[in-house]
Amino acid sequence: MAHHEHKNHESVVSTLGALRGRLTTFFLVAAVVGAGAAIFEASVVADGYRRFMMAYVVAFAYVLSIGLGGLFFVLLQHLVRAGWSVQVRRVPEAVAASLPIMILLFIPIAFTVLNGKGEVFPWARPVSAAAHHVEKPVPLLAPEGEAGEEHADAHADVHADTHGETAKVDANAGTEEPKVDIHAIAAAETPEHQHLDQLTLKKRIWLNPNVFIIRWVVVFAFWTAVGAWYYRTSGKQDHDGDHRHTIHMETASAPLMVAFAFSISVAAWDLLMSVNPHWYSTMFGVYYFAGAVIANFAFTILWIIGLSSAGALPKTVTVEHRHDLGRFLFGFVFFWGYIAFSQYMLIWYASLPEETIWFKMRGATTVPGHASDWCYVAIALIFCHFIIPFLGLLSRHVKRNKNALCFFAVWMLVVHAVDMIWVVMPEMGPGLKIGAVEIGLIVALLGVFCATVTTLLARHNLVPMQDPRLDESLALEGLY
Amino acid sequence: MTTISPHLDSKPHGSQAAGEIDNAGDDPRSRDELITGGQTFTSVTDTIAGITLRPTPKPWLFAFALSSTMLAMMTVSLLYLFTTGVGVWGNNNPVAWAFDITNFVFWVGIGHAGTLISAVLFLFRQNWRTSINRFSEAMTIFAVCCAAMFPGVHVGRFWLAYWLFPIPNQMGMWPQARSPLLWDVFAVGTYASVSLVFWYMGMIPDLATLRDRSKGRFSQFMYGLFALGWTGSSRHWHRYERAYLLLAALATPLVLSVHSVVSFDFATSQLPGWHTTIFPPYFVAGAVFGGFAMVLTLAIPCREWFGLKDIITLRHLENMGKVMLATGLIVGYAYTVEFLTAWYSGNSNEQFLFMNRPLGPYWWAFASMVTCNIIAPQFLWFKKLRTNIWVLFIVAMFVNVGMWFERFVIIVTSLHRDFLPSSWGQYVPTYADLTLLAGSFGLFFTLFLLFLRFLPVIAMAEVRWTLPQAHIGHSKHGYPSAPAPAEPAPIVDNGAADEKVFAVMAEFEDVDGVIAAANKVRTAGYSNWDVHSPFAIHGIEKAMGIRPTYLPWITLTCGLTGMFLGLFGVWYANATSFPGLPATFTGYQFLISGKPIFSLPANIPIIFECTIAFSAFSTVIGMLALNRLPMHYNPVFKSDRFRRVTSDRFMVVIRSQDPRYDAVATPRFLQGLGARHIEVIRD
């Protein structure tokens, strides 16, 4: 029967070599340019400081999603004992191992949470900011007493009835219904004017600066440890060729995957959902996860194609591996569409005001009088995040074509960034906020992250040359 | 089906303990063989076809008597229901949905494992699915039958259940396309029919095997009828494989959609405990979880009784245990997130509901759910337990029970405490409820036993394909070809001399032999010829020069047609009004929960299901049409030796119509290719 001795595969010896310096320089220059552009625009636009901080959270969540997607990929491949992916695993390994750089990049977020101003996270202000007069119903989104009469009407309407029985804003607005300008209310919600309302106070155990920091210490410790361990263990195998490393990595992957699921949900809740402390959706963790996996596959595809084209990767990484990565990208595009549609449809259908308001602020509404510039983004997301890439990646010819696959990988990375912006920035009001602040910060953080990935990638062979399942990856041939 | 390399699932088993061959090894250096016991194409076919073709065993009769008694009980219960009314159940106000919908969701969920195994695992190239996909698919269909019964009788006047279908009735009413209950009709309807077609299409090659092996005239006729004249032609296999891939790709989103739509029944409402956005993926994971438990419940006794331990091996069972653990943990994640969010929402109704589940009057249902769904699967973390058949079986039983309780908890505990305390109520099942639930198991097992008796229980063709010797290049990897014949094969001509020659046929015994022959036939310039094989040989397209089929374009075209028809249908049924036309032909404009009359988000589920249904049916019909099937008369069936082509032999058939065909030279040419046997077929 077929027993094959494991051999040292000379053919897959490959390193980043001279590319390392060039790539690092490029990424760091991009980071500086991006940061410069962001700081410049933030200093000239109105409310620039707050916008900068919010955009920073967007950029952080975006780059973190790539890192977490990489961690997920590494864990998943070991969990299912995949053979095909061995040759493309080094990039996600380096991505996962780059997660500690996010701790450094987390400092501004820790600052905005701890400074007691609550620029990004309204709940992060001290309890002393709470509104103490509770005899009147407390509006969710607007300062009390300061709004005019028109606003007072609006408050009564958007007032989220915590019992969820009566208020119903999403019905077809008849002509006699008062127009609810939620964006005006949201815009009025600048930190100085905002009180900590009763509903947010109810969540104080979860939404408070100290517990937030503790949670993030825990999740960062977890991600750092896991990413570093897989990176090191896999690298060690290149030298000693011991197949037991694989057994250890596989055994550990199952419990780690469970912990990963909760950790990424914490990230989604804390960074993105709690920007609006009233809103909640049980699906939200999955929504962020879907985006993270897309981002990681797109990111990996770009690296693999880039490294292949530069001649750094061995020829044994073939069109079949790219095709498989492309299939996963396609599959998760569909998964994202499924999750996003389900989340939207259920909230739209039940039409509970405390839930619909989130989509309304983001322009996902057809109710007259509520449209804003974010409508364009919401509609663009349906097409660009789901329909176009779905149809585009459907064909095997596209997935097997380097340029086409590259195009869709870049496309997905861009629309994922737009998605993150769309989730966070409308909290600042109805005006579209996709400018140099947002883009610049995303480029800046991505640049720093990619420079880290480059450094880590350079330390190992680009293919795990002693992985016991390498034979399977080398022999990969697609029959459909 | 694809493979990485022919020799990967090939390490012979190491130890044999307590009657179980342990091929669930963890050594990453080589994968354990999937099918144990040194099986050949012949032995696999003998084992599996033998189950169907041998005389009815006594235990089967006993089991059948038992299950049909339960089925009779269900019939009596249904008659009582029909003659008396839905009041015979314990349903009340506020608990308007109880056992009926619980059972519906339970059974629909069971079905999901079948499609997961046959479609999703196929896309992930999990070859171990081949041993279990057939009866999982059968399980799917029977479970959906059981499921469909419950809403059907729950409507009260079940003879008006046709109102669910998009047929205009005398009152000018159309079904409401914005209602999740109608989405259910489309989702479950599409799911049932597509699963049935998927199941049947997968069975065609195996039915042909039974046709060629059965002895009785009646069974030959029946198997022959449904085998559609399958000859194992490589040109057919090529389109068949493509159709299988397309169906798998269509069934994957379909299976996601079905339980998602079922979850929409609940989650679109405003009821605490039902309205939560994580329901769709959580329901799907739960369905797969419960479905795998049922597959294990069926697989473990079957492999024992039918002697299938070499085909459904420990590795198969262990993998199923792992899937169960993984999906169980996803369900656990959803429970956790739901509880956490109920607190986080700050909504006192949500908080009350989620405290009422563990602490209220139905605490026992909640406790059963947590014990069975969360605690029981944790044993599967340990390989020792996971590879112990008894542990697996008991955990699977727990999960079966737990998943039923999960639906009971979701439905009944959410309903029995209304917003107003004056409307609180309690639900107690009646005998009619209990007998109907028990009776649905009777229906399920009766159908399943009939399947076990009369249809191929395991996908023989696919299992043959998973053997290492089924792959090109096997002779280089320790599975040598049969030695070349010492003297040229005899040329047999059994036909009457006055009949015209139809074809000449050469028999081969192994894949590498027939591939080498195919290469030579192609390079010799023949065009009207074929290779017949008991499974799809991957890579033969290259050897034979078969061009890719355009079947995917048929699928795409019909899928788009289905999409637009679905869109048009919901628009027409709910949003049109043509002045002058009778009410029967105009849309039924009805305001429902404040939604616009034509409202796309609420119509997407139906449009989606129409797309899938049209694509799936066109794929199968297109595959059959391109293959010119059914073709029940085929001169090659005149050859007795040809019958082995659906079991363990490979045939190269060159038609006399081929321009290069020569009555003398062509048989000689085939002799020179190393054939075991040459036969001239006349017609």
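The structure presented is a predicted model; accordingly, all values stated were derived computationally and were not measured. Sequence lines set the chain letters: A, B, ... in the order given, protein chains first and strands last, and positions in each chain run from 1. Hydrogens, waters and symmetry mates play no part in the numbers below; they use all other heavy atoms, side chains included.
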Asker: Does any non-hydrogen side-chain atom of A/L352 lie less than 4.5 Å from one of B/H275?
Answerer: yes
Asker: How far apart are the closest heavy atoms of B/G346 and A/L199, and which atoms are they?
Answerer: CA-CD1, 3.9 Å
Asker: Hey, are the side chains of B/W343 and A/I205 touching, using non-hydrogen atoms and a 4.5 Å cut-off?
Answerer: yes
Asker: With only heavy atoms counted, which part of B/L256 is less than 4.5 Å from chain A, the side chain, the backbone, both or neither?
Answerer: both
Asker: Does B/S599 reach the side chain of A/Y349, with side-chain heavy atoms less than 4.5 Å apart?
Answerer: no
Asker: Please give me the minimum heavy-atom distance between B/R31 and A/R81, naming the atom from each residue.
Answerer: NH2-O, 2.8 Å
Asker: Sort B/V284 into side chain, backbone, both or neither according to what part of it lies under 4.5 angstrom from a heavy atom of chain A.
Answerer: side chain
Asker: Does a side-chain N-to-carboxylate-O contact under 4.0 Å join A/D467 and B/R29?
Answerer: no
Asker: Within the 4.5 Å heavy-atom criterion, are B/I278 and A/Q343 side-chain neighbours or not?
Answerer: no
Asker: Quick one, B/P280 and A/L346 - any side-chain contact, counting heavy atoms below 4.5 Å?
Answerer: yes
Asker: Between B/Y344 and A/W269, how do the two ring planes meet: parallel, tilted or perpendicular, split at 30° and 60°?
Answerer: tilted
Asker: Residues in ring-ring contact (aromatic ring centres under 6.0 Å, His included) with A/F386, at least two apart?
Answerer: A/F390
Asker: Just how far is it from atom NE2 of A/H278 to atom CG of B/N347, taken to the nearest 0.5 Å?
Answerer: 13.0 Å
Asker: To the nearest 0.5 angstrom, please state how far the OG atom of B/S30 sits from the CG atom of A/D471.
Answerer: 10.5 Å
Asker: Report yes if the side chains of B/I604 and A/M345 come closer than 4.5 Å at any heavy-atom pair, otherwise no.
Answerer: no
Asker: What heavy-atom pair brings B/P601 and A/F341 nearest, and what distance separates the two atoms?
Answerer: O-CZ, 3.5 Å
Asker: Check whether A/S395 gets within reach of chain B through its side chain, its backbone, both or neither, counting any heavy atom under 4.5 Å.
Answerer: neither
Asker: Quick one: of B/T268, B/V337, B/L271, who has the most non-hydrogen atom pairs under 4.5 Å with chain A?
Answerer: B/T268
Asker: Counting only heavy atoms not in A/R204, do more than 12 sit closer than 6.0 Å to its CZ atom?
Answerer: yes
Asker: Is it the side chain or the backbone of A/F328 that comes within 4.5 Å of chain B heavy atoms, both, or neither?
Answerer: side chain
Asker: Relative to chain B, which segment of A/Y287 carries a heavy atom at a distance below 4.5 Å: side chain, backbone, both, or neither?
Answerer: neither
Asker: If we check side-chain hydrogen bond (donor to acceptor under 3.5 Å, both in side chains) with A/T282, which of these qualifies: B/T336, B/T341, B/T277?
Answerer: B/T277
Asker: Under a 4.5 Å cut-off applied to non-hydrogen side-chain atoms, are A/Y338 and B/P253 in contact?
Answerer: no
Asker: Got a second to check how far B/F264's CZ is from A/S342's OG, nearest 0.5 Å?
Answerer: 4.0 Å
Asker: Step by step, would you call B/D26 with A/E250 a side chain to side chain contact (heavy atoms under 4.5 Å, CB included)?
Answerer: CA-CA 9 Å; B/D26 287 330; A/E250 287 175 352; 5.8 Å; no
Asker: Give the minimum heavy-atom separation between B/Y333 and A/G285, together with the two atoms involved.
Answerer: OH-CA, 4.2 Å
Asker: Just jot down the salt bridge (charged side-chain N to carboxylate O under 4.0 Å, His left out) partners of B/D418, sequence neighbours excluded, or say none.
Answerer: none
Asker: Is there a side-chain contact between A/M283 and B/Y282 (heavy atoms, below 4.5 Å)?
Answerer: no
Asker: Name the region of B/K322, side chain, backbone, both or neither, that has any atom closer than 4.5 Å to a heavy atom of chain A.
Answerer: side chain
Asker: Just wondering, are more than 12 heavy atoms of other shown residues or ligands nearer than 6.0 Å to NZ in B/K476?
Answerer: no
Asker: Measure the spacing between OG1 of B/T276 and CD of A/E355 and express it to the nearest 0.5 Å.
Answerer: 8.0 Å
Asker: Pick from A/D324, A/I339, A/T200, A/L79: which one has the most heavy-atom pairs with chain B under 4.5 Å?
Answerer: A/D324
